[in-house]
Amino acid sequence: MASYGFNDQYSSMASDSSERRRVGLIYDERMCLHSDPNDLLPLVKPDKAREPHPECPDRIRAIWNKLHSSGIAQRCVVMEGKEVEDKHIELVHTKKHINLIKNVSSTTNLRREELANKYSSIYFNEGSTEAAYLAAGSVIEVAEKVAEGELDSAFAIVRPPGHHAEENQPMGFCLYNNVAIATRYLLDNRPDLGIKKILIVDWDVHHGNGTQKMFWKDPRVLFFSVHRYDSGTFYPGGDDGSHVMTGDGLGKGYNINVPWEHDRCGDADYLAVWDHLLIPVAKEFGPDIILISAGFDAAIGDPLGGCRVSPYGYAVMLNKLLVFARGKIVMALEGGYNLDSIANSVQACIEVLLQQKPVIGTLEAYPFESTWRVIQAVRKELSSFWKTLAERLPEKVTSMRTPFIQVVSSDSEDEYDNFPNRVSQDLEKDIDNVIQPFSDLKVNDGPGITSQASIISHTWRAELSKIDIWYAAFGSNMKLSRFLCYIAGGQVESMRKPCIGSLDKSKPKEIKWETFPHRLFFAREHTATWGPGGVAFLHPESNSDEKAYLCLYRITLEQFNDVLCQENSSSFDMKYPLFDMTDLQSIENRKSFSAEAVKNGWYHNVLYLGKENGIPILTMTCQLSDVDYFKSGKASMCKPSKEYANTLIRGLVEGKQLTEEEATSYIQQATNRPL
Ligand code: X5A
Ligand code: ZN
């Protein structure tokens with residue numbers, strides 16, 4: 001999708017790529033000593049076994065190990081943890097609170113349990129004191145180095161987290177408020193470093209109630225938190241996280257809450273908040289440094305968060321912040337409880353900080369309707385404090401909403417026979433109302449471009465809409481209802497992400513089946529649309545020993561371009577076609593064509609498979625070099641998930657090509673035989 005991510009991807013790339021960014025990484029194994037004593041119970045009393053506590057030592061180990069095995073840590077400036085001094089904790093916490101944390105590890109287990117029970121979601125053990133001192137001290141350590149300019153940016157892989165901890169109480173797995181302490185340290189104790197204004201971005205899925213309270217009246221600190229609120233029912237609960245909480249006294253307007261109404265917010269929702277709230281306000285505020293309360297519990301797969309931010313989403317969010325404060329960014333880990341999700345997300349962020357490659361990737365969906373409602377409400381609440389928020393958002397922008405339509409897939413045989421009327425009239429109307437032409441998308445590359453772009457876009461679309469081709473599907477698109485998502489938009493069961501659909505939503509004019517002498521196989525380990533498991537590929541070279549079933553849809557060349565774009569989950573803006581008339585003419589001789597603008601996608605290799613009724617048959621698969629890559633075992637072949645395989649089998653059965661048993665064995669064969 002053109003509106004997010006694509007146009008700013010090079011904006012903050014180091015102009016000279018040979019100039020290395022110094023990125024600090026701080027970690028200390030001693031922070032793993034803090035753990036829930038109940039997690040040891042199964043060893044003592046197996047019958048007392050319960051779920052291990054999500055805020056566990058393996059969280060930071062998983063991140064640390066991942067950064068090493070991927071070679072990212074080796075490109076950073078690695079530092080050892082450092083304990084915070086009491087006088088610095090005192091900047092935000094009471095002496096009473098400091099005494100509690102200082103002494104809790106030297107008392108008895110029973111006393112610790114009593115103490116922990118006085119607070120919300122807190123445990124203590126023998127390692128808690130040291131871990132809390134190291135977490136806070138480590139954030140100070142890297143913040144100081146970044147402020148001084150010794151490091152460009154840094155990531156503190158710390159635990160326990162901090163943003164729920166208040167002046168006088170630990171809370172929500174947090175003992176000391178690490179980010180708040182570092183913030184006050186820079187402002188109050190290091191005037192020599194010239195840090196006068198600090199932006200704190202809290203993207204943990206929970207509201208940063210502790211941090212909010214500590215800077216409630218402080219105009220030097222702009223606190224921005226985006227979190228699940230669910231009408232005040234989501235942790236920590238109450239109305240602290242509401243958008244009407246904007247600060248007080250001199251600090252009024254310097255506290256911004258973006259409260260989600262419900263679960264399942266993802267990249268598109270977060271990036272809409274970035275584009276229409278955080279980034280414009282940050283520009284107006286002009287921070288001298290940015291501290292990020294970087295929880296990764298809004299990530300896909302998190303057991304507590306229920307949101308859907310991808311590592312790519314985090315990378316784009318971070319990349320957009322890199323243009324401020326001359327790139328001085330300090331990230332401190334807060335929550336995040338799926339070990340794989342947090343390791344991948346942190347890795348994506350550090351790659352952004354290192355700036356060794358541009359941020360390129362996918363946004364398949366629009367924000368929720370509720371997201372626009374929340375953004376509008378926040379803008380209104382704060383419009384008297386920030387000039388940039390006073391303007392009304394254009395209808396054109398806010399009308400880009402995720403359709404979120406469940407296309408009910410019938411498993412009955414008549415799905416195919418009833419084809420022309422399958423999609424209900426109401427659904428068609430809904431889709432018409434929510435899906436905007438690609439040419440209406442906001443493009444950020446300068447005034448005047450948008451209207452010009454839409455003229456160019458209309459020109460190629462008009463031309464290519466007159467040409468018919470057969471699009472030959474071999475994967476899940478063999479199932480008609482799934483393929484229609486690429487045309488009409490929406491998602492069918494088992495798909496994790498809705499599709500935008502094509503600009504021209506007319507259904508295929510004809511459907512046919514044919515077999516081709518090509519090898520079908522499954523590869524890749526995970527996709528955004530299907531989750532874990534391999535997806536189907538067609539070997540680009542023909543082989544007379546092989547036989548693959550393909551479902552041919554007669555669509556226009558214009559639609560084929562929109563399908564090609566979506567199949568490569570590309571943010572390409574479609575100002576130009578990916579595959580035009582000239583390409584169609586030349587592919588007959590060259591047999592394959594690489595769609596360069598989407599070459600990061602796995603299906604950018606367009607294959608020519610011959611003609612049917614004088615109309616060219618095209619499909620899209622990986623490159624020949626990818627096949628070698630799969631063969632080498634580096635990114636090996638991978639069994640499809642049950643749901644994905646089922647979609648293929650249903651497609652073959654509903655298309656009356658194979659019986660269920662035959663289809664199952666066809667898929668199994670494709671899975672099991674080596675390349
Ligand atoms: C730091 C963080 C979550 C607390 C949830 C308590 N805390 N149910 O993610
Ligand atoms: Zn959290």
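What you see is a predicted model, and the numbers here were worked out from it, not measured in a lab.
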J.: Do the non-hydrogen side-chain atoms of Gln347 and Pro311 ever get within less than 4.5 Å of each other?
T.: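 No, side chains not in contact.
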J.: Would Val146 and Ile329 count as a side chain to side chain contact (heavy atoms under 4.5 Å, CB included) if you check the C-alpha gap in whole Å, the side-chain angles of each, and the deciding distance to 0.1 Å?
T.: CA-CA 7 Å; Val146 172; Ile329 294 190; over 6 Å; no
J.: Would you say the rings of His243 and Tyr229 are close, in the sense that their centroids are separated by under 6.0 Å?
T.: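 No, they do not, as the ring centres are separated by 6.0 Å or more.
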J.: Considering only heavy atoms from C-beta outward, does the side chain of Tyr337 approach that of Ile342 to under 4.5 Å?
T.: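 SC-SC contact between Tyr337 and Ile342 ruled out.
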J.: On the six-membered ring of Phe324, is Lys283 placed so that its NZ or CZ lies under 6.0 angstrom from the centre and within 45° of the ring axis?
T.: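 Ring-cation test returns no.
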J.: When the ring centroid of Tyr176 is compared with that of Tyr133, is the distance short of 6.0 Å?
T.: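 That pair passes the under 6.0 Å test.
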J.: Is there a side chain to side chain contact (heavy atoms under 4.5 Å, CB included) between Glu351 and Gln356 once you walk through the steps?
T.: CA-CA 7 Å; Glu351 281 173 349; Gln356 294 185 332; over 6 Å; no
J.: Test your reading of the model: is there a side-chain donor-acceptor pair from Asn189 to the backbone of His88, 3.5 Å cut-off?
T.: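 Not at all, since once roles are kept as given, no pair shorter than 3.5 Å links the two residues.
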J.: So, Asp267 versus Ser310: side-chain donor-acceptor pair below 3.5 Å or not?
T.: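 There is such a pair between these side chains.
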J.: Has Lys82 got more than 12 heavy atoms of other residues, nucleotides or ligands less than 6.0 Å from its NZ?
T.: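 Incorrect, the count does not exceed 12.
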J.: With Leu393, which residues qualify under side chain to side chain contact (heavy atoms under 4.5 Å, CB included), at least two apart?
T.: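 Expected list: His276, Trp372, Ile375, Gln376, Arg379, Thr398.
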J.: Looking at Arg308 and Ile300, would you say the former's side chain and the latter's main chain have a donor-acceptor pair under 3.5 Å?
T.: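 No, because the side chain of Arg308 does not come within donor-acceptor range (under 3.5 Å) of the backbone of Ile300.
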J.: Do Phe124 and His34 make the cut of ring centroids closer than 6.0 angstrom?
T.: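 Between Phe124 and His34, the centre distance exceeds or equals 6.0 Å.
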J.: Between Glu90 and Lys87, is there a side-chain N and carboxylate O pair less than 4.0 Å apart?
T.: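 Salt bridge: no.
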J.: Any non-hydrogen side-chain atom of Tyr27 less than 4.5 Å from a side-chain atom of Ile60?
T.: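 Yes, their side chains come closer than 4.5 Å.
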J.: Quick one: do Cys174 and His163 satisfy side chain to side chain contact (heavy atoms under 4.5 Å, CB included)? Show the steps, please.
T.: CA-CA 7 Å; Cys174 304; His163 72 153; 4.2 Å; yes
J.: Between the side chains of Asn178 and Glu334, is a donor N or O closer than 3.5 angstrom to an acceptor N or O?
T.: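 Side-chain D/A pair, Asn178 to Glu334: absent.
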J.: With a 3.5 Å cut-off and no angle check, do the side chains of Glu126 and Ser105 form a donor-acceptor pair?
T.: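 No, no side-chain donor-acceptor contact under 3.5 Å.
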J.: Is there a side-chain contact between Cys307 and Asp302, using heavy atoms and a 4.5 Å cut-off?
T.: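 No. Closest side-chain heavy atoms not under 4.5 Å.
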J.: I want to check something: taking the side chain as every heavy atom from C-beta on, are Phe285 and Tyr254 in contact at a cut-off of under 4.5 Å?
T.: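 In contact.
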J.: Does the side chain of Ser106 come under 3.5 Å of the side chain of Asn103 through a donor N or O and an acceptor N or O?
T.: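 Note: Ser106 and Asn103 side chains miss the donor-acceptor criterion.
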J.: Verify side chain to side chain donor-acceptor pair (under 3.5 Å) between Thr233 and Asp230, making sure each step is shown before the conclusion.
T.: CA-CA 5 Å; Thr233 64; Asp230 301 48; 4.9 Å; no
J.: Is it true that a side-chain atom of Asn177 and a backbone atom of Ala180 form a donor plus acceptor pair closer than 3.5 Å?
T.: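 Side chain of Asn177 to backbone of Ala180, a donor-acceptor pair under 3.5 Å: yes, one is there.
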J.: One thing to verify: whether Asp218 and Arg184 come together as a salt bridge, which I'm taking to mean a side-chain N less than 4.0 angstrom from a carboxylate O.
T.: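 Here Arg184 does not pair with Asp218 in a salt bridge, since their nearest N and O are not under 4.0 Å apart.
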J.: Testing the 3.5 Å rule here: is there a donor-acceptor pair between the side chains of His53 and Ser35?
T.: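 No pair is found: no donor N or O on one side chain lies under 3.5 Å from an acceptor on the other.
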J.: What I want to find out is whether Glu150 reaches Arg22 closely enough, with some N-O distance under 4.0 Å, to be called a salt bridge.
T.: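 Salt bridge: no.
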J.: Can you confirm whether the side chains of Ser153 and Lys328 place a donor and an acceptor under 3.5 Å from each other?
T.: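 No.
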J.: Say whether, by atom type as modelled, one donor and one acceptor occur between the side chain of Asp248 and the main chain of Lys217 under 3.5 angstrom.
T.: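 Not a single qualifying donor-acceptor pair exists.
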J.: Sub-3.5 Å donor-acceptor pair from the side chain of Asp263 to the main-chain atoms of Gly306, do we have one?
T.: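 Checked: no pair found.
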J.: In this structure, are over 12 heavy atoms from other groups packed under 6.0 Å from Arg326 atom CZ?
T.: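 No, not enclosed.
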J.: Scan side-chain atoms only and decide if Asp297 and His206 contain a donor-acceptor pair under the 3.5 Å cut-off.
T.: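 A pair is found: one side chain offers a donor N or O, the other an acceptor, under 3.5 Å apart.
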J.: Are the aromatic rings of Tyr235 and His164 close, with centres under 6.0 Å apart?
T.: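 Centroid separation for Tyr235 and His164: below 6.0 Å.
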J.: Regarding Arg59 and Glu55, does a basic nitrogen lie under 4.0 Å from an acidic carboxylate oxygen?
T.: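 Salt bridge flag = yes for Glu55 with Arg59.
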J.: With the side chain counted from C-beta on, respond yes when Leu333 and Ile63 share a heavy-atom pair under 4.5 Å apart, and no when they do not.
T.: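 A side-chain contact under 4.5 Å exists here.
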J.: Does the side chain to side chain contact (heavy atoms under 4.5 Å, CB included) test come out yes or no for Ile122 and Phe173, once each step is laid out?
T.: CA-CA 5 Å; Ile122 283 296; Phe173 317 159; 5.6 Å; no
J.: Using only atom types and a distance under 3.5 Å, with no angle test, would you say the side chain of Asn125 pairs donor to acceptor with the backbone of Asp36?
T.: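 Checked: no pair found.
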J.: We want to know whether Thr94 and Asn168 form a side-chain donor-acceptor pair, criterion being a heavy-atom distance below 3.5 angstrom.
T.: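 Note: Thr94 and Asn168 side chains meet the donor-acceptor criterion.
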J.: Checking Tyr185 against Arg190: is there a side-chain donor and acceptor pair closer than 3.5 Å?
T.: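 Yes, Tyr185 and Arg190 have a side-chain donor paired with an acceptor closer than 3.5 Å.
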J.: Flag the pair Trp216 / Phe223 as yes when their ring centroid distance falls below 6.0 Å, and as no otherwise.
T.: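 Judged by ring-centre distance (under 6.0 Å), Trp216 and Phe223 do not meet the cut-off.
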J.: Taking C-beta and beyond as the side chain, do Ile290 and Ile198 meet within less than 4.5 Å on heavy atoms?
T.: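 The answer is no, as the side chains (C-beta and beyond) never meet within the 4.5 Å cut-off.
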J.: Considering only heavy atoms from C-beta outward, does the side chain of Gln212 approach that of His207 to under 4.5 Å?
T.: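 With C-beta onward as the side chain, the pair touches.
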J.: Parallel, tilted or perpendicular: which fits the ring planes of Trp64 and His68, with parallel below 30° and perpendicular above 60°?
T.: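 Plane angle over 60°, so perpendicular.
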